[in-house]
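For reference, the structure discussed in these notes is given below.
Everything numeric here is computed off the predicted structure, so don't read it as measured data.
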Amino acid sequence: MQAALLQQLSEFWLKLNRREQMLALATVAMGILFVIFGAIRGALDYVDSLDRRIETLASDIVNYSFQIAKTRSVDAQYAHMANQHSSAWTETEIMDRLRQELYRLALRVPPTLDEKGIATQISNESGDLVTIPQLRNGTLEQTDEGYREYNIAFQLPATDYRNMLDYVERLQSSPQALRIDGLRFSRSPMDGNVATQFDIARIVVDNVTLDEKGEAEPTVAAEAIPLVAGDFAGEGCEIAASSGFVTASKHSIMISAQQTPGSAFYKRALPAGGVYEMYVDITAKGKARLQIAPGGGAPFPGERELVADGQPHQYRLRFTVPGDGGQRVALNVPQITLDESGTQVYIDNLVLKVLEG
């Protein structure tokens, strides 16, 4: 059967002239090339899909590594917070601890806290940042959800608005987990001083247990900065929210260079003389630098060149706010300088810690 088929093909081939034979060979060659091209294209598509999967898994590994690395810090912060709670506290004890904290934060230089998060003293020679009148008793609300809520209202006499804003920031970063439910400012038309009415709530969690082997870091006021693209300003770059390279928040901030050098910064007013530590997760694609700088001035020493490998890295910068006298100084915290056109930088998990002041 096969021999007869080959014989017929041979006779058919011999009947063709040279031109027809060349066309037949070209047709067969094109068919073979088409089959080979299809196989190669399918293989390349499969390799591309594997590369995308590897990139996704690598990004997941980096994100999970960041979360694991932060576990100890989160556990330590929880231990400090848990020290501020006790299901055995009476209403009077809750009020006394809250009163001590409000007076401590009202000092220009707040005293330190002991290992249980209790103020070692509520007065010193630094003077008052704001003046608190005598505090009246608040109200304690008992819930069935495992916590109690203590509410207190008080009014502060008129003082410089910058001092008042500093006091509000301290309340928000207090280890007692204070919540500002009401905040009303009133200003005299003759000066810039403001009087403020506060409605403060403190949550006391019941039935909190601690691991006897748990280690805690020294209590430091830390503030996580909410990342909003509109809060950043820049020159020579585009700033937008992004879902890429997220390490802690729901979204990151993408900074893309449109010209060089470009810069983007988050402006913040901080008390003069204070010592701060900033840490932030940054992913860089291109040459860029992380800096702390006064508005319109030269960056502070210690700037960091970003690792341009397209992977998230955590950076820390410690700085002292220049000046004295309790005034607030406008700083770019942080400032990103982009040194190459097309550079992209993603920012997430921006945290500012108060070390002194």
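A donor-acceptor pair is defined here as one N or O able to donate and one able to accept, closer than 3.5 Å; no such pair exists between the side chain of Thr343 and the backbone of Asp339. Under the 3.5 Å distance criterion, the side-chain polar atoms of Ser49 are matched with a main-chain donor or acceptor of Tyr46. Using a distance-only test at 3.5 Å, with no hydrogens or angles considered, no donor-acceptor pair links the side chain of Arg162 to the main chain of Arg328. The backbone N or O of Gly244 lies less than 3.5 Å from a partner atom in the side chain of Ser252, making a donor-acceptor pair. A donor-acceptor pair is defined here as one N or O able to donate and one able to accept, closer than 3.5 Å; such a pair exists between the side chain of Tyr167 and the backbone of Leu102. With hydrogens and angles disregarded, no donor-acceptor distance shorter than 3.5 Å links the side chain of Asn163 to the backbone of Val130. Between the side chain of Asp181 and the backbone N or O of Asp199 there is no donor-acceptor pair closer than 3.5 Å. Of the possible donor and acceptor atoms, one in the side chain of Tyr150 sits under 3.5 Å from a partner among the backbone N and O of Gly138.
Here Asp48 does not pair with Arg52 in a salt bridge; the nearest charged N to carboxylate O distance is not below 4.0 Å. Taking the charged nitrogens against the carboxylate oxygens, Arg104 and Glu101 do have a contact shorter than 4.0 Å, which makes a salt bridge.
For the pair Leu350 and Ile253, the minimum side-chain heavy-atom distance is 4.5 Å or more. Phe300 is not listed as a side-chain neighbour of Asn332, based on a closest heavy-atom distance of 4.5 Å or more. Contact annotation: the side chain of Leu98 approaches that of Leu178 to within less than 4.5 Å [non-hydrogen atoms, C-beta and beyond].
The line from OH of Tyr315 to CD of Glu305 is 9.0 Å long, rounded to the nearest 0.5 Å.
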>> Using side-chain contact (heavy atoms from CB on, under 4.5 Å), reason through Leu135 and Tyr103 one step at a time and then give a plain yes or no.
In response: CA-CA 10 Å; Leu135 296 174; Tyr103 282 127; 4.0 Å; yes
> What's the verdict on side-chain contact (heavy atoms from CB on, under 4.5 Å) for Arg268 and Ile225, showing C-alpha distance, side-chain angles and the deciding distance?
Replying inline: CA-CA 11 Å; Arg268 190 170 182 83; Ile225 309 298; 4.0 Å; yes
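When the salt bridge (charged side-chain N to carboxylate O under 4.0 Å, His left out) test is applied to Asp128, no partner is found at least two apart in sequence or on another chain.
Note: Phe154 and Phe198 have parallel aromatic rings, judged against thresholds of 30 and 60 degrees for the angle between ring planes.
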